[in-house]
Amino acid sequence: MAAKSDGAPVSLRNDIPPECLSGPAQRSPQCHPARKRYSLLDCSWTICALLVFFSDGASDLWLAADYYLRRNYWWFALTLVFVIVPSVVVQVLSFRWFAYDYSDTNDSSTAAAAVVAASGAKRHFSTKDSEQGGAGRDAAVGALPTTGTMGGARGCCRAFMWLFQCFIHIFQLAQVWRYVHALYLGVQSRWRGDHERRHFYWRMMFESADISMLRLLESFLKSAPQLVLQLSIMVQASQVLPLQGLSASASLVSLSWMIASYQKVLRDSRDDKLPMSYKAVIVQILWHLFTIGARTMAFALFASVFQLYFGIFIVAHWCIMTFWIIQGETDFCMSKWEEIIYNMVVGIVYVFCWFSVREGRTRCRMLVYSVVVFIENVALTTFWYLYRAPQTSDFNALLTVCMVASSYALGTFFMFVYYCLLHPDGPISGWGWGVPEEVAVESCLSPASSLPPDVVASPPRTLQRTKGGDREQMGGANSDVFLVRTLKRGVKATLPPLAPSTEGPVIRIDLPRKKYPAWDAHFIDRRLRKTILVLEGAAPVTPRIQYRCLGSPTEVMEYETTV
């Protein structure tokens, strides 16, 4: 991977050559991150997310203490395990991210030195991979002005920050710190000048992406098992304690909230997708609230009678879903093994609800998943009804079955409301799009033609996997590549052309851009993210970000054979 910059002032955005811009980016220039502003609704949403986090954790701990006082030690242990173990996993991952972001690396020093040099007469600089070390890097680091007093003060600040972060993560408060930090960065982006506003806004976006990924992982490692556990205890005991209801409700809200919040932050981070409105987010929360509620109630009913078979069912479902996701060739992470771990985690998510992980028309995949989940819910509830405990009356059993069915029906209703009325890409009518999903004419020039003669286009360290379908869409070695998506029912697209932004420093990333619903590489690759932040913070103007376009099958094969 290499990043390169040249030119004069523009705003930060995930810049793609104008020939490669997709439909949504052309349809709505307002969705570009550089033109967004942190609003009061964004601030209120972050505060509500923090309250959801506190209510979920506090209710679980309170319930665990209640079990201990009631001498229900087995339930106390299970409840506490589902609180502590996921929290420790998230803290370790969060501290690992902090350690990498806050450590002094040669990449960031080189980038800062390059910006200092670029602010003079040359206005041309480039940063290379960390493996391409040598005298040039040493000279660049040496070009940075340092003094003994400034170095000592900076060392004290760094030591304090390390101690503070150790304290935060030991006491399991990493999520709280990241929420507060994102709130601070968002407020600062409103109070500062234009350049500083963009800088703080993008730091806030990076922080929001981190907390969304951490909280989504924590929700399905903690809240989902906790919800199934507490519902199973209620069914077995044939009574509902107030704290049990509070804990189960908080876990269900946390799960639904984080899925919708993750989708919003992901869309906000990409300029090739339209942002999601808060009305759509609320409807998506209701959609997941009722569908996950029905799913977990079916799990709890079945587990209250068939504990062993329930475990076998969960493992089998997870294995099948993970294999299905891997077979779909997702492209989320920067390495093969990270991708496998990501697919395994998404397999856990698929135990409870639908989660889009691949670009393209998801209706068929969602339909298949919904049918499978519906059949599973019916089967699990039926087995419980036939083999339930004798003390459960027929009336209560029928009432419970009706609750599961009505909850799933309500969730399906809100899903249709979201896709038919509030989807960011436009409403869906029947089997066709009411407006074009993605009207695009993508023409990708050869990457070598866009680089200056003095820059060597080296192959990236980690290459985005090229699927067979992508190769078939590419033209000859010297021809442009066009990807045309047809419109449904003869809808004509009248899209205003987006004038290319040619001036200003451009950070060219030597990787093809990841397809939605994956995060962009500068959100996932922390080395690249840190380099961009250093360049963006040290430069007098905000640079643009430009990804590589693979222009021909010849070039694709060359990359695949040289990496």
Side-chain angles (χ1 to χ4, degrees), residues 45-64 78-99 165 168-183 206-231 246-266 281 284-285 288-289 292-293 295-296 299 314 318 332-333 338 341-353 355 357 519 523-524 526:
W45 183 263
T46 304
I47 294 174
C48 290
L50 195 56
L51 294 177
V52 169
F53 169 76
F54 275 125
S55 63
D56 187 19
S59 61
D60 291 341
L61 292 175
W62 192 2
L63 180 60
L78 287 177
T79 303
L80 200 60
V81 163
F82 285 132
V83 173
I84 294 178
V85 173
S87 181
V88 170
V89 171
V90 170
Q91 304 303 314
V92 170
L93 181 58
S94 175
F95 189 79
R96 180 175 176 267
W97 287 354
F98 161 76
Q165 288 294 329
I168 288 292
H169 287 81
I170 288 174
F171 285 91
Q172 311 295 298
L173 296 174
Q175 301 93 316
V176 177
W177 162 252
R178 289 185 180 273
Y179 272 128
V180 173
H181 192 215
L183 192 62
F206 287 144
E207 193 68 72
S208 298
D210 287 346
I211 189 60
S212 296
M213 287 183 257
L214 290 173
R215 285 285 291 126
L216 187 70
L217 175 64
E218 182 187 34
S219 296
F220 282 95
L221 291 181
K222 184 187 80 169
S223 301
Q226 194 75 259
L227 178 59
V228 175
L229 173 65
Q230 301 309 323
L231 290 176
L246 180 63
S247 174
S249 302
S251 298
L252 182 58
V253 171
S254 179
L255 276 169
S256 309
W257 184 285
M258 283 318 304
I259 297 173
S261 180
Y262 176 89
Q263 295 294 336
K264 175 170 176 55
V265 175
L266 176 58
V281 176
Q284 196 173 112
I285 289 175
H288 293 297
L289 183 76
I292 296 177
R295 182 75 167 164
T296 52
F299 285 169
I314 291 294
W318 173 77
F332 182 89
C333 302
E338 290 178 343
I341 295 174
Y342 166 74
N343 291 334
M344 295 171 67
V345 173
V346 176
I348 299 175
V349 178
Y350 271 41
V351 172
F352 295 92
C353 66
F355 189 77
V357 293
W519 296 87
F523 278 86
I524 296 297
R526 308 194 77 81

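- Listed by chain and number, the residues in a side-chain contact (heavy atoms from CB on, under 4.5 Å) with Ser249 amount to none (sequence neighbours excluded).
- A donor and an acceptor atom, one from each side chain of Ser251 and Gln226, are nowhere located under 3.5 Å apart.
- Residues Ile259 and Phe352 are not in side-chain contact: their nearest non-hydrogen atoms beyond the backbone lie 4.5 Å or more apart.
- Rounding to the nearest 0.5 angstrom, the gap separating the CD atom in Gln263 from the CG atom in Leu216 is 8.5 Å.
- With sequence neighbours left out, the side chain to side chain donor-acceptor pair (under 3.5 Å) criterion links Ser208 to no other residue.
- Among residues two or more places apart in sequence or in another chain, the ring-ring contact (aromatic ring centres under 6.0 Å, His included) test is passed with Tyr342 by Phe332.
- Annotation: side chain to side chain donor-acceptor pair (under 3.5 Å) contacts of Glu218 (sequence neighbours excluded): Gln175, Arg215.
- Nearest approach of Tyr262 to Met213, heavy atoms of both residues: CE1-CG, 4.0 Å.
- Atom CD1 in Ile168 sits 10.5 Å away from atom CZ in Phe98 (nearest 0.5 Å).
- Of the inter-residue distances, the one linking Gln230 atom CD with Thr79 atom OG1 reads 4.5 Å to the nearest 0.5 angstrom.
- Not less than 6.0 angstrom separates the ring centroid of Trp257 from the ring centroid of Phe53.
- Minimum heavy-atom separation, Ser256 to His288: OG-C, 3.5 Å.
- Between Ser254 and Ser223, the closest heavy-atom pair is OG-OG, 3.6 Å.
- Residue pairs meeting the salt bridge (Lys or Arg N to Asp or Glu O under 4.0 Å) criterion with at least one member in residues 168-182, sequence neighbours excluded: Arg178-Glu207, Arg178-Asp210.
- Contacts of Trp177 classified as side chain to side chain donor-acceptor pair (under 3.5 Å), with partners at least two apart in sequence or in another chain: none.
- Considering NE2 of His181 and OG1 of Thr46, their distance stands at 13.0 Å, rounded to 0.5 Å.
- Atom-to-atom distance recorded for Ile285:CD1 and Leu255:CG is 12.0 Å, nearest 0.5 angstrom.
- A donor-acceptor distance shorter than 3.5 angstrom exists from the side chain of Ser59 to the backbone of Ser55, with no hydrogens or angles considered.
- With sequence neighbours left out, Val349 forms a side-chain contact (heavy atoms from CB on, under 4.5 Å) with Phe220, Cys353, Phe355.
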Pair Gln91, Leu173 - check side chain to side chain contact (heavy atoms under 4.5 Å, CB included), show working. CA-CA 8 Å; Gln91 304 303 314; Leu173 296 174; 5.9 Å; no
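- Of all heavy-atom pairs between Leu227 and Ala248, the closest is CD1-O, 3.3 Å.
- A search for side chain to side chain donor-acceptor pair (under 3.5 Å) contacts involving Thr296 returns nothing, not counting sequence neighbours.
- Among residues at least two apart or in separate chains, there is no salt bridge (Lys or Arg N to Asp or Glu O under 4.0 Å) pair with a member in residues 246-260.
- Scanning all heavy atoms of the two residues, the minimum distance from Ser247 to Asp60 falls at OG-OD1, 2.6 Å.
- Between the CD1 atom in Ile348 and the CG atom in Leu221 there is a gap of 5.5 Å [rounded to 0.5 Å].
- Applying the side-chain contact (heavy atoms from CB on, under 4.5 Å) test to Val351 and every residue at least two apart in sequence or in another chain returns Phe299, Ile314, His317, Trp318.
- Closest non-hydrogen pair, Lys222 versus Gly57, comes out as NZ-CA, 3.9 Å.
- Remark: Ile170 engages no residue in a side-chain contact (heavy atoms from CB on, under 4.5 Å) (not counting sequence neighbours).
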